[in-house]
Amino acid sequence: MAIVNAREILIPAAEAGYAVGAFNVSNIIMMEGVIEAAIELKAPLIIQTSVAPSKFLRPDIVAGAFRTLAESAPIPICLHLDHCNDVDYCKICANAGYTNIMIDASKHDFKTNIELTAQVSDFCHQLGDISVEGELGTVAGVEEEVVVADGQELLCSPDQAVEFVERSRIDLFAPAIGTAHGVYKSANPFVDFERLAQINRLLNGSGVKVPLVVHGGTGLAPEVVKKLVSLGGSKFNVSTDLKHTWINAIDDYLHEHKTDYNTAKLDSAAKDAIRGKIKDWIDLLGSSGKA
Ligand code: 13P
């Protein structure tokens with residue numbers, strides 16, 4: 001049985017000081033490529049979809065394909081709904097078979113964020129073995145339908161983090177620490193390492209209770225990624241890098257084989273590129289061999 005919720009694979013990761021890659025997919029072939037790479041490296045894995053691809057593909061189809069692939073995989077795999085700001089859609093995906101749900105009510109005031117997040121926590125915990133991720137502060141950039149303009153991001157207050165986690169009853173916590181969705185404009189973006197370390201001390205100092213999530217993996221220098229992992233980031237989200245890999249592989253293939261009209265080979269080229277990219281990320285995050 002390889003299907004797990006996120007908590008089950010993140011607690012051991014946080015305890016041992018590695019991170020589990022949480023990779024956004026937008027189609028089923030991409031999902032296959034990600035899973036094949038993780039199997040090859042014996043790494044625990046989180047597959048995630050944003051709301052737009054989930055709606056486009058249909059949540060029951062995403063969860064059905066996931067179930068088929070994950071049940072026969074010799075590694076633990078979680079299916080996560082990423083950045084959903086609609087409580088009802090969170091419930092639809094939980095019912096469909098997602099095993100971790102992120103309710104992103106971070107654009108609301110503190111009290112409303114807690115209330116909406118707690119609604120999803122209670123629903124998922126009552127429904128079954130489904131863990132829940134919440135966010136405090138806002139992550140700049142664009143993640144499908146969630147757009148936060150530059151300069152409008154708000155970093156997470158460590159004191160509020162403790163109250164938020166307790167009152168929202170979440171299983172994993174995404175504090176805004178300066179990382180951003182999409183491509184960084186600077187080669188050396190500001191990342192508030194000390195803030196992450198402080199939040200981790202406050203929440204997990206006497207044993208890991210609430211694993212921490214780092215958003216905005218694309219474009220961070222390898223040494224920044226490693227430092228964030230060493231300071232407690234145990235779920236590491238990567239999306240834009242995979243979109244670029246997928247589209248560039250198709251572009252390259254078409255450039256050389258446009259007149260083949262062979263869709264299977266085109267799909268294979270894109271899947272191979274994704275597999276290679278995921279293996280690089282798993283190595284960087286230190287989760288190879290941890291399944
Ligand atoms: P990137 O697109 O910057 O990799 O961010 C991914 C992410 O944080 C998804 O929630």
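When a ligand or atom number is given, it counts from 1 through the structure's own listing order. Residue numbers start at 1 and run along the sequence shown.
- Shown in contact with Asn24 at under 4.0 Å from a heavy atom are these atoms of ligand 1, numbered in order with element: 9 (C).
- Every atom of ligand 1 with a heavy atom of Ser239 under 4.0 Å away is listed here by number and element: 1 (P), 2 (O), 4 (O), 6 (C).
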**Study point:** salt bridge (Lys or Arg N to Asp or Glu O under 4.0 Å) between Glu115 and Lys111, intermediate numbers included
**Key:** CA-CA 6 Å; Glu115 279 166 11; Lys111 186 166 167 284; 3.2 Å; yes
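- For the residue pair Ser186 and Asn188, no side-chain donor N or O sits within less than 3.5 Å of a side-chain acceptor on the partner.
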Practice item. List the steps and the verdict of side-chain hydrogen bond (donor to acceptor under 3.5 Å, both in side chains) for Ser268 and Tyr253. Key: CA-CA 10 Å; Ser268 285; Tyr253 183 88; over 6 Å; no
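- His80 and Asp82 are linked by a side-chain donor-acceptor pair at a separation below 3.5 angstrom, with hydrogens and angles left out of the test.
- At least one heavy atom of Ala180 sits less than 4.0 Å from an atom of ligand 1.
- Each of the atoms 10 (O) of ligand 1 lies under 4.0 Å from some heavy atom of His83.
- In this pair, His181 and His215 present their aromatic rings perpendicular. The plane angle is above 60°, beyond the 30 to 60° band.
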Practice item. Check the pair Asp241, Trp281 against side chain to side chain contact (heavy atoms under 4.5 Å, CB included), reporting the backbone distance first and the verdict last. Key: CA-CA 10 Å; Asp241 198 18; Trp281 270 105; 2.8 Å; yes
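- Of all atoms in ligand 1, numbered sequentially from 1 with element shown, those under 4.0 Å from a heavy atom of His215 are 8 (O), 10 (O).
- For ligand 1, the atoms lying closer than 4.0 Å to a non-hydrogen atom of Gly217 are 3 (O), 4 (O), 5 (O).
- Inclusion of Thr240 in the set of residues having an N or O under 3.5 Å from an N or O of ligand 1 is warranted.
- Contact atoms of ligand 1 toward Asp82: 9 (C), 10 (O) (distance under 4.0 Å to a heavy atom of the residue).
- Of the charged side-chain nitrogens involved, none lies within less than 4.0 Å of a carboxylate oxygen, so that Asp280 and Lys277 do not count as a salt-bridged pair.
- The closest approach between Asp241 and ligand 1 stays at or above 4.0 Å for every heavy atom of the residue.
- Considering backbone and side-chain atoms together, Gly216 places an N or O closer than 3.5 Å to an N or O of ligand 1.
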Practice item. Could you walk me through whether Lys107 and Glu135 pass the salt bridge (Lys or Arg N to Asp or Glu O under 4.0 Å) test, one step at a time? Key: CA-CA 9 Å; Lys107 274 193 174 177; Glu135 176 172 309; over 6 Å; no
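- Residue contact check: Thr218 has heavy atoms under 4.0 Å from atoms 1 (P), 2 (O), 3 (O), 4 (O) of ligand 1.
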